[in-house]
Amino acid sequence: MIDLKLLRASPAQVRAALARRGDPSLTRLLDEIEALDMKRRTLTGQLDQLNAERNDAARADAALAKAGKLPDETAAARRKLGERIAVLEAELRQIETTLDAKTLFAPNLPLPEVPDEVTVVRTWGTPAPKGGQPHWEIAERLGILDLPRGAKLSGSGFPVLLGAGARLARSLIALMLDLHTREHGYVEVQPPLLVRRESMTGTGQLPKFEDDAYRTEPDDLFLVPTAEVPVTNLHRDEILDGAALPKGYVAYTPCFRREAGSAGKDTRGLLRVHQFDKVELVRFCRAAESPAEHETLTGHAEEVLRRLELPYRVVLLAANDFSFASAKTYDLEVWAPGVGQWLEVSSASTFTDYQARRANIRCRPRAGEKPEFVHTLNASGVALPRTIAALLETHQQPDGSVTLPPALATYVGTDRLG
RNA sequence: GGACAGGUGGCCGAGCGGUUGAAGGCGCCGGUCUCGAAAACCGGUAUGCCCGUAAGGGUAUCGAGGGUUCGAAUCCCUCCCUGUCCGCCA
């Protein structure tokens, strides 16, 4: 949620920051928000004054009315005052409703250090030369992936993992959860996979991106597109103890995405699917800590790829290229020689206080001090399908088998598939 | 799905038309006492918005919205949520 006080204090700064997102309609949205905010303040000023009058009057009248008789003309005057208040209240309510609705459509402000062009920050490992089989061919040969039957069950984009493939997925999940809980200090969470509208609004998926989500009828619940939603909302409407921050949670969940509007893109194999598994990292911290937390978090996600011996690069996304609620995002991309592409397997973002405002997540720095909004951050740690694709393509052998890195072999129970 | 009960501050809990933002307790903070601590005692301790450099002031908020009233945490209506029992069930 955009900070109305900041918008009021530094309108030019907010406009300049939002302009970097490259959506010209945001200027008009800000105009509307500013006008509504001004109206709201004028109205609340008038209302505060009238309410003060009414409160004074009520106190003065109380004794009179209780004892015996409140003069008719006094009662009439009070009633008239009450009517004026009711009219203004109705007007104010209408403006607030509109203002809230508009505000929810304003994305987060990119941080100043975010570039205008995507930038490769660092690369780890040596990417294999482009070539070899794409993962779907390897997987088909190994009999660990069945796309046609997935399509029969649910439609395209719902892969079925079989045998060693299913075991591989389960092993990857266990490896990641163990790494993040034992070595990086996260608390493991198993959240609900269906969430309320409020939760989706808190993290920024709603109201703007409702078409991207699967929604249940008649309960109006949403299938989580990422564990970020339930885990961040764990602390919705709470005031956290400042001494307990930073706080990190890790959750494995399936993720459900309609991918509306992306038909035809990356449709082969595992690159873009409607349901996939992901281990997600979520952190809550004080505002001053969030830049360092963002780097730490990104490092936690990177460690997964190092353990899997997958060459990857970290890219800093451009201001016009990252998600609605984010203020700064690093993508982790693994090299997939078979398809000859860098594949995004993690997005590590800081949301500054944007989600915290929407979801009303605050902390009290110390006892007796005023609550302040926390900063939220999250990163995939990491998403499975593309990681599996990269694993198969990177570690495929001339004889058609696929070797597994030691860290993973321990979990799978073999160091070779096929 | 059926039948009840209930939603009040960080937590528990009173209040059921008139200085109630809200008793009391717990927790927390400060102080007295102590070599130190505990106990005891004293004091403080909600959040949003607006005005103000500040001190402070105004206002709103007792699940949400609407209504009755000169006046609503208290009465009425609708919705949401939680709990208990019954039914069903991994």
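In what follows, every heavy atom counts, from backbone to side chain, and hydrogens, waters and symmetry copies are set aside. Proteins get letters first, then strands, A, B, ... in listed order; numbering begins at 1 in each.
- The pair A:E303-A:R307 counts as a salt bridge, with a side-chain nitrogen and a carboxylate oxygen less than 4.0 angstrom apart.
- Atom CD of A:Q94 has 12 or fewer heavy atoms from other residues, nucleotides or ligands within 6.0 Å.
- One finds a side-chain N or O of A:R362 lying less than 4.0 angstrom from the OP1 or OP2 phosphate oxygen of B:G48.
- Rounded to whole angstrom, the span from the CD1 atom of A:I239 across to the P atom of B:U45 amounts to 16 Å.
- Comparing the C1' positions of B:G17 and B:U74 gives an interatomic distance of 6 Å, to the nearest angstrom.
- Here B:G21 sits opposite no nucleotide as a Watson-Crick or G-U wobble pair (both hydrogen-bonding atom distances under 3.5 Å).
- In this structure, A:E238 places its CD atom 14 Å from P of B:G9, rounding to the nearest Å.
- One atom, CG of A:D241, and another, P of B:G27, lie 17 Å apart when rounded to the nearest Å.
- Within the 4.5 Å cutoff, the side chain of A:D220 has heavy atoms near those of the A:R215 side chain.
- Using a 4.0 Å cut-off between charged nitrogen and carboxylate oxygen, A:R386 and A:E393 do not count as a salt-bridge pair.
- Between B:C12 and B:G6, the two C1' atoms lie 15 Å apart (nearest whole Å).
- Between A:R286 and A:E372 there is a salt bridge, since at least one side-chain N of the basic residue sits less than 4.0 Å from a carboxylate O of the acidic one.
- Taking atom P in both B:A5 and B:A55, the straight-line distance is 49 Å, to the nearest Å.
- Nucleotide B:C35 forms no Watson-Crick or G-U wobble pair with any nucleotide shown, as no partner meets the under 3.5 Å limit on both distances.
- Note on A:K80: nothing from the nucleic acid sits closer than 4.0 angstrom, heavy atoms only.
- The partner of B:U68 cannot be assigned: no Watson-Crick or G-U wobble pair with both contacts below 3.5 Å exists in any strand.
- Between B:A14 and B:G24, the two C1' atoms lie 7 Å apart (nearest whole Å).
- Atom CZ in A:R79 sits roughly 7 Å away from atom C1' in B:C70 (whole-Å rounding).
- Of the nucleotides present, B:U84 is the one that pairs with B:A3 by Watson-Crick or G-U wobble criteria, both distances under 3.5 Å.
- With a cut-off of 3.5 Å on both Watson-Crick or G-U wobble distances, the partner of B:A54 is given as none.
- Other residues, nucleotides and ligands contribute over 12 non-hydrogen atoms within 6.0 Å of the CD atom of A:Q397.
- If you measure from atom CZ of A:R364 to atom C1' of B:G10, you get 7 Å, rounded to the nearest angstrom.
- For A:R84 and A:E53, the salt-bridge test fails: no basic side-chain N is under 4.0 Å from an acidic carboxylate O.
- Using C1' as the reference atom, B:A72 and B:A22 are 13 Å apart when rounded to the nearest Å.
- Using a cutoff of 4.0 Å between basic side-chain nitrogens and carboxylate oxygens, A:E198 and A:R236 are not scored as salt-bridged.
- Atom CG of A:N360 and atom P of B:G48 are 9 Å apart (whole Å).
- The residue A:R196 sits close only to the backbone: its heavy atoms come under 4.0 Å of sugar-phosphate atoms, none of a base.
- Pairing for B:C28 goes to B:G44, judged as Watson-Crick or G-U wobble with the two contacts each under 3.5 Å.
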Self-check item: nucleotides 55-68 of chain B: protein proximity per nucleotide (B base, S sugar-phosphate only, - neither; heavy atom, under 4.0 Å)
Solution: ---BSS----SS--

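- Of the P atoms belonging to B:A37 and B:C29, the separation is 13 Å, rounded to the nearest Å.
- Taking the P atoms as reference points, B:G63 lies 15 Å from B:G15, given to the whole Å.
- Distance check on atom C1': B:A64 versus B:U82 gives 15 Å, rounded to whole Å.
- One finds no salt bridge joining A:K102 and A:D31 here, because no Lys/Arg side-chain nitrogen approaches an Asp/Glu carboxylate oxygen to under 4.0 Å.
- The CG atom of A:D237 sits 11 Å away from the P atom of B:G10 (whole-angstrom rounding).
- In this structure, A:D3 atom CG and B:G48 atom P are separated by 13 Å, rounded to whole Å.
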